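Notes follow once the structure below has been shown.
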Amino acid sequence: MADARADDGALVLFSGGQDSTTCLAWALDRFPRVETLGFDYGQRHRIELACRARLRDGLAQVEPAWARRLGADHTLALDALGAVSETALTRDTEIGFEAGGLPNTFVPGRNLVFLTFAAALAYRRGLRHIVGGMCETDYSGYPDCRDDTMKAMQVALNLGMERRFVLDTPLMWIDKAQTWKLADELGGRALVDLIAEESHTCYLGERGERHEWGYGCGTCPACDLRARGYARFVAESTG
Ligand code: ZN
């Protein structure tokens, strides 16, 4: 990849969950230079941050080319985001729904803040693509995961930083079963197994019990979605 242009690089929003790990594999499959960014905002499931290094190491072993392309890892502490949000992701309260229909796991402004910091970092690192696991298909109604929000953010960031960033959201229109299938297409069984074993999804941060689809409490909305998606993926891939 000696002739790779600097603007072919990508920065992946990498939390250590199933979606962002699949996005990282997607980016490694496409771009000659890929860096990762994780945020610590006091999330209850911050155990996911500890999964990141093992996932990066594992991805480098799935494909030799991926090892060459995988660059620096960055983490940013965003304590201020945790300080202003009263949500079930950042406080010890029961996960449920609010009057407006949004789940109380919604952290207001989270993806807007993440993307702004990601763009600021990508600017410094000379990376053109910003890759995130936002998804409109299986999402819980989070307005900051919508495709229109992403497109508006791309315009705002490009205007505000005088750059030509591209926000890539490879999972936007696929469901959880198709996300497992995408991992299978990108890295085969090795990648599916790596994601099941090392990625973290559970909102409650539980990693006690190992299910077929990975670790988690098994009952929170995130575990439920991941488990059902995996079951459908297995059913569809075995015909
Ligand atoms: Zn769970």
Side-chain angles (χ1 to χ4, degrees), residues 12-25 36 38-56 58-59 75 78 81-82 85-98 100-108 110-111 114 132-145 169 171-172 174-184 191-236:
V12 179
L13 301 183
F14 180 51
S15 67
Q18 177 191 353
D19 292 346
S20 70
T21 305
T22 307
C23 284
L24 179 50
T36 51
F39 296 102
D40 185 352
Y41 56 99
Q43 61 269 49
R44 279 163 80 186
H45 55 303
R46 65 200 304 182
I47 192 169
E48 68 181 8
L49 295 173
C51 299
R52 298 171 74 255
R54 287 196 300 275
L55 283 163
R56 279 173 47 96
L59 284 164
T75 51
L78 291 183
L81 186 60
S85 20
E86 275 290 337
T87 82
L89 281 194
T90 51
R91 296 280 185 277
D92 194 11
T93 51
E94 185 125 3
I95 293 173
F97 289 88
E98 292 180 345
L102 269 179
N104 64 356
T105 48
F106 176 58
V107 181
R110 176 173 56 177
N111 281 336
F114 284 1
M134 297 80 179
C135 172
E136 252 197 53
T137 309
D138 267 343
Y139 80 144
S140 316
Y142 294 171
D144 60 346
C145 287
T169 52
L171 311 185
M172 183 57 76
I174 66 177
D175 63 22
K176 272 282 190 284
Q178 291 168 312
T179 301
W180 284 109
K181 184 159 176 281
L182 176 60
D184 195 22
L191 181 56
V192 171
D193 288 346
L194 175 73
I195 290 172
E197 181 65 26
E198 301 290 3
S199 78
H200 185 82
T201 296
C202 179
Y203 276 154
L204 304 181
E206 279 191 25
R207 282 189 76 76
E209 192 180 343
R210 172 66 151 90
H211 312 265
E212 193 186 14
W213 44 267
Y215 295 92
C217 72
T219 53
C220 78
C223 281
D224 183 50
L225 201 58
R226 174 162 164 157
R228 281 189 290 125
Y230 190 84
R232 234 174 38 252
F233 160 67
V234 170
E236 282 163 17

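Source: prediction; values computed, not measured. Residues take their numbers from the sequence shown, with the count starting at 1. For the numbers below, each heavy atom of this structure counts, side chains included, while hydrogens, waters and symmetry mates do not. Counting convention: from 1, in listed order, for ligands and their atoms alike.
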Charged N-O contact under 4.0 Å between Glu197 and Arg54 = no
So Phe114 and Phe39, would you call those rings parallel, tilted or perpendicular, with 30° and 60° as cut-offs?
-> parallel
Partner set under side-chain contact (heavy atoms from CB on, under 4.5 Å) for Ser199, not counting sequence neighbours | Gln18, Thr21, Leu55, Ile195, Arg226
Any donor-acceptor N/O pair, Gln178 side chain to Asp175 backbone, under 3.5 Å | yes
To the nearest 0.5 Å, atom OH of Tyr142 lies from atom SG of Cys135 at 12.0 Å
In the shown structure, where waters are left out, how many protein N, O or S atoms lie under 2.8 Å from the Zn ion (ligand 1)?
-> 4
Short side-chain to backbone donor-acceptor contact, Arg52 and Phe14, under 3.5 Å = yes
